[in-house]
Amino acid sequence: MAEENNKKQSNFIKQIIDEDLAGGRFDRVHTRFPPEPNGYLHIGHAKSICLNFGLAEEYNGKCNLRFDDTNPLKEDREYIDAIIEDVHWLGFDWEDRLFFASDYFEQMYQYAVQLIKMGKAYVDDLSAEEIKEYRGTLTKPGKESPYRNRSVEENLDLFERMRKGEFKDGEKVLRAKIDMKSGNLNMRDPVMYRIIHASHPRTGNKWCIYPMYDWAHGLEDSIERITHSICTLEFEDHRPLYDWFLDQLGVFHPRQIEFARLNLTYTVMSKRKLLRLVEEGYVSGWDDPRMPTIAGMRRRGYSPEAIRDFADRIGVAKANSVVDFALLEHCVRDDLNKRAERRMVVLNPLKVIIDNYPDDQVEELEAENNPEDANAGTRTVPFSKIIYIEREDFREEAPRKWFRLAPGKEVRLKHAYYITCNEVIKDENGQIVELHCTYDPQSRGGWTQDGRKVKGTLHWVSAAQAIPVEVRLYEHLFLKENPEEVEEGQDFTANINPNSLKIIKTALAEPGLKEAKPGQRFQFLRQGYFCADLKDHSAEHPVFNRTVTLRDSWARIEKKLK
RNA sequence: UGGGGUGUAGCCAAGCGGUAAGGCAGCGGGUUUUGGUCCCGCCAUUCGGGGGUUCGAAUCCUCCCACCCCAGCCA
């Protein structure tokens, strides 16, 4: 695997861990990936997953998979299942350490009681709007709630009655008693519990009070004896609160470390926006091959190895950045080049009749499956008098440096013969309908002894044996590197690429491709990497998704010629 | 004088006082039965800016500038 060859480079998190280990703060490394089950995982999560599981692996430690299911209003069982599948697919194993924040609700409750008894938490009757008012602003300090100094006994009683369901949603909250004048708004008596009378995917109706992230997360980490709690930059301001709760309780205290989340060109990454793409029908679902979700990329044909390699290459730092999508594509090509078997598929067929080839003869020619892998073996492809080539591979008037087919020119048919074009047949509209060529019987296999120079090599299929297949050509979902770059009054959907999906129902493939299994990846010679669709592909109706094109240096040359 | 962060090439990113790694993209060349792959070469006299310390500064000090995050009973 690619990522195992080049040694992984250092980053600031490893340096912190090294210091913690050397200084004795911890004697082991235990991380966790803590998704909220309120949406599908995307490539940004993949970065975090690779980071957390990768660190554990490198330091001979462990990494837990933990669902942060503290908000029953937003979370769903569907997402839990999808997330589990995706993390596994990426190649990571949490063994028996699959946890849920909801597993700790009782323990969290007891800790809250402890804080109340210490006089460090209180039940507040202020409404949500009032709490907001009392919080102050970025530049003005907040003011204390009139309920802030209730007695411990009253707080204990009220909190218990909150749990029992005696109050309606929003009627009361439990707050930490910290500092309403803090410059850090998170420290202005943050809410610890709110009342939500809703059924939870795992605890059902057992609870009607649910812990807030800041209160819950540190406890989850502490309970699981996590050493390094890695999260994204926006939680940097929350670290003082994370530390405060754990310090007050005097419990095991993990170290929170923040890193910059991944951004990719031509991509939106927020769950909210991805949800919009799905709900408003811009894509077919969370696993649409154009989505930056793990499920989408899987269906597109990206391999877990390529995604992991990508995660290694982008590094980990604290500076906000936008990674070039081309790097991801490079990783995909790099992996698939070594592993994907080659096949010939003509997307836009042009009929070629080989006049001097025996009428009813069919030859089975040998073709290597992968020039990058000797162990991939060979297969056989049929050749006959009538074949199809790619329409784009023929030009009536050849431009400079063109070494594909043109009148009077000779090219090589991959694995087959040299052919020369003699005649172009057109219909009444001037459309080319077929080509008449002659072949050189001496060039069987695609080579002659005489040292003749044949620069161009084309892929082709034999007309009688070719099978029709559907091919789905994907491009970036957005036209601009930064989809958010829009005019006044518009949003990112204004930048959606109308040509992000082009369906070709009339492609012709070499017959062996009828054996393809859903999810199987190939390189279609001279075109790109393709993957049999996970959902729609069948032997009766083959469907292939274009994962990524091959690099196309002819396109570059032609551009320069103009 | 609200708090917290970040600035190294077009894009990521190492670097931790001894004179700017690596990858992607791009450009030029070679090999090639995929205009693919592979191989070779080029691509920051300079690290957001000014000042200072030092024999020596991207690294230390200082002032300034730019950008990002925070006012959910979301995570």
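Letters A, B, ... are given to chains in the order of the sequence lines, protein chains preceding strands, and every chain is numbered from 1. Just so we're clear, the structure is a prediction, and the values are computed from it rather than from any experiment.
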Legend entry - Lys/Arg N to Asp/Glu carboxylate O, A:D189 vs A:R135, below 4.0 Å: no
Inset, instruction - Scan A:Y210 against the nucleic acid and name what it touches under 4.0 Å (heavy atoms): base, sugar-phosphate only, or nothing. - result: nothing
Inset, instruction - Using only side-chain N and O atoms of A:R194, determine if any of them is under 4.0 Å from OP1 or OP2 of B:C74. - result: yes
Legend entry - Distance, rounded to the nearest Å, where A:D309 contributes CG and B:G23 contributes C1': 10 Å
Inset, instruction - Provide, to the nearest angstrom, the distance between the CZ atom belonging to A:R135 and the C1' atom belonging to B:C74. - result: 12 Å
Inset, instruction - Assign each of A:V316 and A:S127 to its nearest nucleotide of RNA chain B by heavy atoms, then name whichever residue's nucleotide is nearer the 5' end. - result: A:V316
Inset, instruction - Using only side-chain N and O atoms of A:R404, determine if any of them is under 4.0 Å from OP1 or OP2 of B:U34. - result: no
Legend entry - Option from A:I209, A:L126, A:I131, A:D125 for which side-chain contact (heavy atoms from CB on, under 4.5 Å) with A:V173 holds: A:I131
Inset, instruction - Taking only the side-chain nitrogens and oxygens of A:S321, find out if one of them lies under 4.0 Å from OP1 or OP2 of B:C11. - result: no
Inset, instruction - Verify whether one side chain among A:E224 and A:N64 offers a donor that lies under 3.5 Å from an acceptor in the other. - result: yes
Legend entry - A:K338 with A:D334: basic N within carboxylate O range, under 4.0 Å: yes
Legend entry - A:K140 NZ - B:A71 P separation (whole Å): 16 Å
Inset, instruction - Give the rounded distance in Å between these two atoms: NE2 of A:H238 and C1' of B:G72. - result: 10 Å
Legend entry - A:H330 NE2 - B:A25 P separation (whole Å): 5 Å
Inset, instruction - Rounded to the nearest angstrom, tell me the gap between atom CD in A:Q523 and atom C1' in B:C38. - result: 14 Å
Legend entry - N/O (side chain, A:T70) to phosphate O (OP1/OP2, B:A75) under 4.0 Å: yes
Legend entry - Short side-chain N/O contact from A:R188 to OP1 or OP2 of B:G3, under 4.0 Å: no
Inset, instruction - Taking the six-membered ring of A:Y418 (Phe, Tyr or Trp), confirm whether the NZ or CZ of A:R412 is under 6.0 Å from its centre and within 45° of its axis. - result: no
Legend entry - Below 4.0 Å: OP1/OP2 of B:G15 and any side-chain N or O of A:Q15: yes
Legend entry - Distance, rounded to the nearest Å, where A:N482 contributes CG and B:C11 contributes P: 13 Å
Inset, instruction - Mind checking A:I195 for me? I need base, sugar-phosphate or nothing, with any heavy atom below 4.0 Å counting as a touch. - result: nothing
Inset, instruction - Only stems of 3 or more consecutive Watson-Crick or G-U pairs count here, both distances under 3.5 Å; name the ones for RNA chain B, or none. - result: B:2-7 with B:65-70, B:10-12 with B:22-24, B:26-30 with B:38-42, B:48-52 with B:60-64
Inset, instruction - May I ask you to say whether A:R339 pairs ionically with A:D373, meaning some side-chain N is under 4.0 Å from a carboxylate O? - result: no
Inset, instruction - Go through A:R521 and A:E341 one step at a time and tell me if the salt bridge (Lys or Arg N to Asp or Glu O under 4.0 Å) criterion holds. - result: CA-CA 7 Å; A:R521 304 183 188 95; A:E341 291 198 356; over 6 Å; no
Inset, instruction - Would you tell me if any nitrogen or oxygen in the side chain of A:K560 comes within less than 4.0 Å of OP1 or OP2 on B:G28? - result: yes
Legend entry - Gap between atoms CE and C1', on A:M187 and B:G2 respectively (whole Å): 15 Å
